[in-house]
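Notes follow once the structure below has been shown.
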Amino acid sequence: MLFVTWNVNSLRARLPRVLELLGEHQPDVVALQETKCSAENLPIAELDEAGYAVVHHSAGQWAGVALLVRRPLEPEAPLLGLPGDPVPSEARWCEATVAGVRFVSTYVPNGRTLDNPEFPRKLAFLEAAAKRAAAIRLEAEMVIAGDLNIAPEDVDVHDPLAYVGSTHVSAPEREALAAITEGGQLVDAFRHLHPDEQQFTWWDYRAGNFHKNLGMRIDLALVSSGLAQGLLACGIDRDFRKGFKPSDHAPLLVWLGLG
DNA sequence: ATGACTTTCACGGAAAGA
């Protein structure tokens, strides 16, 4: 089974590239973030035409997450929103069960700066996510994936010194991420298969940062231990950060050994 | 040193991203 997670930075603006990804890789399950799309504007007909059912949690103009599921697979027991999220209106979490596995698409708050009120909101979201991961673990194998907005280690940023004092690399954020993986007994799929590689999933649109490879690895697929044993491959498709109207994130592809 | 770009809504420019 091929699973993909991708922050598309607007599903409507990115629809041609999303359809390109679906056609090229034919993934079974796709987690999308920053759909930035109201429920009435969801391009459900185009996605259906491509062979995918959609679970979408919308906050209108900002954020928004979705799961696409390729027929004949079907999403079961969808859950929209993270239980315990202090700001549930932002639509940063959705779940569905596919082929017996619980899939989560999440868009963790950015946090802006360490002294911004958004920063404790980010930590509170991560704390609720850890609780939810621990609860899912009692029920099913799972994949919690999305734009975690945390670089797990210094190797996951192009210049660790440049990020000292910034969000995405701070100790509280990294500890909160560790609490999610510990509570859910989860493994960072890319790092598990590539212990030493430096690869990024996000590059700022500005200043030619992509072409200089000045990026961060902040889009993660966290897989439960039962799935980690069967992982076949994991990679980042940088081609989707190139070309016509790219997102500022590249998709992360995970081949799960589910047959 | 700073900002650089792209999206939203809406029709100018602010907010948000990370």
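Note on naming: letters A, B, ... go to the chains in the order of the sequence lines (proteins, then strands), and numbering restarts at 1 for each one.
Atom NZ of A:K245 is separated from atom C1' of B:dT7 by 9 Å (rounded to the nearest Å). Atom-to-atom, NZ of A:K122 to C1' of B:dG17 comes out at 12 Å; the value is rounded to the nearest Å. Nucleotide B:dA16 holds its C1' atom 14 Å from the CZ atom of A:R121, rounded to whole Å. Spacing between atom CG of A:N41 and atom C1' of B:dA10 amounts to 14 Å, rounded to whole angstrom units. B:dG17 atom P lies 14 Å from atom CG of A:D204, rounded to whole Å. The distance between atom CH2 of A:W202 and atom P of B:dT7, rounded to the nearest whole Å, is 15 Å. Distance CD (A:Q33) to P (B:dG17): 14 Å, rounded to an integer number of Å. Protein atom CG of A:L32 is 16 Å distant from nucleotide atom P of B:dT7, rounded to whole Å.
When the side chains of ILVMFWY residues are joined at heavy-atom separations under 4.5 Å, either directly or via intervening members, A:L186 and A:L177 end up in a single hydrophobic cluster.
Nucleic acid contact for A:Y107: sugar-phosphate only, since backbone atoms but no base atoms lie under 4.0 Å from a heavy atom of the residue. Counting any heavy atom pair closer than 4.0 Å across all strands shown, A:R92 reaches sugar-phosphate atoms only and no base atom. Backbone-only contact: A:N149 has heavy atoms under 4.0 Å from sugar-phosphate atoms and none from a base. Among the protein residues, A:D147 comes within range of the sugar-phosphate backbone only, with heavy atoms under 4.0 Å from sugar or phosphate atoms but none that close to a base. Residue contacts for A:S10: at a heavy-atom cut-off of 4.0 Å it reaches the sugar-phosphate backbone alone, with no base atom in range. Residue A:D219 is out of contact with every strand shown, counting any heavy-atom pair closer than 4.0 Å.
Legend: residues meeting side-chain hydrogen bond (donor to acceptor under 3.5 Å, both in side chains) with A:D115, ordered by chain and number and at least two apart, are A:T113. By the side-chain contact (heavy atoms from CB on, under 4.5 Å) test, A:A250 is found to be paired with A:W203, A:I236, A:R241, residues two or more places apart in sequence or in another chain being considered.
Of the candidates B:dT7, B:dA18, B:dC5, B:dC5 carries the atom nearest the A:Y205 side chain, counting heavy atoms from C-beta on. Of the candidates B:dC9, B:dG17, B:dA4, B:dG17 carries the atom nearest the A:R112 side chain, counting heavy atoms from C-beta on. Between B:dT7, B:dC5, B:dA18, one nucleotide has an atom nearer to the side chain of A:N7 than all others, and that is B:dA18. For A:E34, counting side-chain heavy atoms from C-beta on, the closest listed nucleotide (B:dA4, B:dT7, B:dG17) is B:dG17. When each of B:dG17, B:dA4, B:dT8 is scored by its nearest atom to the side-chain atoms of A:R12, the top-ranked nucleotide is B:dT8.
Dense packing is recorded around CD of A:Q198, with more than 12 heavy atoms of other residues, nucleotides or ligands lying under 6.0 Å away. More than 12 heavy atoms of other residues, nucleotides or ligands shown are found within 6.0 angstrom of CD on A:E20.
Between A:D154 and A:R174, at least one side-chain nitrogen of the basic residue sits less than 4.0 Å from a carboxylate oxygen of the acidic one, meeting the salt-bridge criterion.
Nearest-nucleotide assignment on DNA chain B puts the 5′-proximal partner with A:P246, out of A:H168 and A:P246. Annotation: of the two residues near DNA chain B, A:G111 and A:S38, the 5′-most nearest-nucleotide partner is A:S38.
In this structure, A:F240 and A:H25 have tilted ring planes: the angle between them lies in the 30° to 60° band.
For the P atom pair drawn from B:dG3 and B:dA15, the interatomic distance equals 16 Å after rounding to whole Å. With both ends at atom C1', the span from B:dC5 to B:dA18 equals 13 Å, rounded to whole Å. B:dT7 and B:dG12 have their C1' atoms separated by 16 Å, with the value rounded to a whole Å. On the P atoms, B:dA14 is 13 Å away from B:dA4, given to the nearest whole Å.
In the region residues 56-65 of chain A, proximity to DNA chain B at under 4.0 angstrom, judged on heavy atoms, holds for A:Q61, A:W62.
Contact check, A:H249 against B:dG17: no side-chain N or O comes under 4.0 Å of OP1 or OP2. Taking only side-chain nitrogens and oxygens, A:R206 never comes nearer than 4.0 Å to OP1 or OP2 of B:dA18.
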Take A:V108 and A:K122 through the side chain to side chain contact (heavy atoms under 4.5 Å, CB included) test and state the conclusion after the steps.
CA-CA 7 Å; A:V108 172; A:K122 179 178 191 174; 4.1 Å; yes
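When all heavy atoms of A:R17 and A:K245 are compared, the pair lying nearest together is CG-O, 3.7 Å.
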